[in-house]
Amino acid sequence: MPLELFHKTPAHFSFRATVYSHGWCELPPFGLDEVNWRLKYVFRDAAGKKAVFGIISEKKGGVLIELANSKIAPQHILRDTRHLLRLDDDLRGLYEAVDGHDALKWVTEKRAGRLLRSPTVWEDLVKTICTTNCSWALTKNMVGNLVEKLGAPAGKGEKAFPTPTAMASVSSDFYREEIRAGYRSPYFAELAEAVASGKLDPEGWLHSDLPTPELKTKMKRVKGVGDYAAENLLKLVGRYDGLALDSWLRSQFYKKHNAEKTCSDKKIEKHYKKFGEWRGLVIWCDMTEKWIS
DNA sequence: GCGTCCAGGTCTACC
DNA sequence: GGTAGACCTGGACGC
């Protein structure tokens, strides 16, 4: 039976700014209908055995979640929705940090700053590795293959993101030949085995007591995760004191703040130092202003 | 059609 | 700790 759920949203929330916050809305099992402004996602239960296709849209005072069936408990769907739209995040510190900076006034006005994420750190971790050292088209290709070939079916051709167990059930060769993951293939096989066996718990990064540098070091122990990937993941678990500089972010900075000339990372870091623990989120908002405003 | 470059980097060996 | 070279894929580009 189809099911509709409703979740309230906080005052400083923008559905559009959150969905457009970065490219995650284009990576399966997310999908974006820009005409009707509806975000699709295939939810799954913790065991990865049940999957349900859902559509999230704005409704006065909150978001509406339309589900193809009621296979998964409503409280599980609501928890996932709250997590992926960052409904519990308190961004007052960000808005205080940009206060007084005219060029960033729009961040507060547009209620920007909530970075769309997946319901699990596991999914964000795998997707982040898929963004490294390749074009965005290839990232979409790899993530699409993972969902298509290893995800639990939700009906009508829709599939969920694969569980660690599902990803641990295939070999490194599968990642190379079927997922087209190239040199990342042994990394995925090793990572999936570690998470499926309980040796690694990425979900624990969400509420870790470790200081950010130590958590970053822990993240970098995962093969395929370097400085950029770790800092991107830190943003997705709510820590914004790393800039997560990659070639795209650097090129945008050169265009916007350095007369289209290249410069050192140190200069970029100096530019955003004044925003303190929010600097990683400030640079991201600054470089993606055109997407949202 | 073919070759080259490079994109939302990381790892390893070596110094 | 810093750096060079290797690593995969596939789209864009020049010829």
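Keep in mind the model is a prediction, meaning the values are calculated, not measured. Throughout, protein chains are lettered first and strands after them, A, B, ... in sequence-line order, and every chain is numbered starting at 1.
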Taking distance alone, no hydrogens or angles, what donor-acceptor pairs closer than 3.5 Å link side-chain atoms of residues 154-170 of chain A to residues at least two apart or in another chain?
unit_1	atom_1	unit_2	atom_2	d
Glu158(A)	OE1	Lys40(A)	NZ	3.1
Glu158(A)	OE2	Lys40(A)	NZ	3.4
Lys159(A)	NZ	Glu148(A)	O	2.8
Thr163(A)	OG1	Ala166(A)	N	3.0
Ser169(A)	OG	Ala166(A)	O	2.6

- Start and end of the DNA chain C segment that chain A contacts, any atom under 4.0 Å from a heavy atom: dC7(C) to dG10(C)

- Check: Asn232(A) side chain, Ala244(A) main-chain N or O, donor-acceptor pair, under 3.5 Å: no

- Test Glu123(A) against Arg117(A) for salt bridge (Lys or Arg N to Asp or Glu O under 4.0 Å), laying out the working first. CA-CA 9 Å; Glu123(A) 185 176 328; Arg117(A) 63 184 171 187; over 6 Å; no

- Stem list, DNA chain B (Watson-Crick or G-U pairing under 3.5 Å, at least 3 consecutive pairs): B:1-7 with C:9-15, B:9-15 with C:1-7

- Where along residues 270-288 of chain A does a heavy atom fall under 4.0 Å from DNA chain B? none

- On a whole-Å scale, what distance lies between the C1' atoms belonging to dT4(B) and dC8(C)? 16 Å

- Hey, does Met287(A) have a side-chain heavy atom less than 4.5 Å from the side chain of His257(A)? yes

- Atom of Leu87(A), atom of His7(A) and distance for their closest heavy-atom approach: CD1-ND1, 3.7 Å

- Expressed as a whole number of Å, how far does the P atom of dC13(C) sit from that of dG8(B)? 13 Å

Could you list the protein-to-nucleotides 3-7 of chain B atom pairs, N/O on both sides, closer than 3.5 Å?
unit_1	atom_1	unit_2	atom_2	d
dA7(B)	N3	Ser135(A)	N	3.3

- Message: Each nucleotide in nucleotides 10-15 of chain B should get exactly one letter: B, S or -. Can you fill that in based on protein heavy atoms under 4.0 Å?
- Response: SSS---

- Note on the structure: Here the pair of heavy atoms bringing Phe53(A) nearest to Val42(A) is CD1-CG2, 4.1 Å

- Task: Check each of Thr128(A), Thr131(A), Asp124(A) against Trp24(A) using the side chain to side chain donor-acceptor pair (under 3.5 Å) test, and report the only one that passes.
- Result: Asp124(A)

- Just by distance, do the side chain of Ser208(A) and the backbone of Trp205(A) share a donor-acceptor pair under 3.5 Å? no

- Note on the structure: Between CG of Leu243(A) and C1' of dG8(B) the distance, given in whole Å, is 14 Å

- Message: Quick check: do Leu27(A) and Trp136(A) have side-chain heavy atoms less than 4.5 Å from each other?
- Response: yes

- Item | Note, Trp37(A) side chain near Ser57(A) side chain (heavy atom, < 4.5 Å) | no

- Message: So Arg250(A), base contact, sugar-phosphate only, or nothing? Heavy-atom distance under 4.0 Å.
- Response: nothing

- Any sub-3.5 Å donor-acceptor pair from Thr139(A)'s side-chain atoms to Cys130(A)'s backbone N or O? yes

- Should the heavy atoms of other residues, nucleotides or ligands under 6.0 Å from NZ of Lys256(A) be counted, would the total exceed 12? yes

- Task: For Asp265(A) and dG8(B), give me the distance from atom CG to atom P, rounded to whole Å.
- Result: 16 Å

- Message: With a 6.0 Å cut-off on the ring centroids, do Trp284(A) and Trp248(A) count as close?
- Response: yes

- Task: Assess the side chains of Tyr41(A) and Asp80(A): does a donor N or O sit below 3.5 Å from an acceptor N or O?
- Result: no

- Arg86(A) versus Leu115(A): any side-chain heavy-atom pair under 4.5 Å? yes

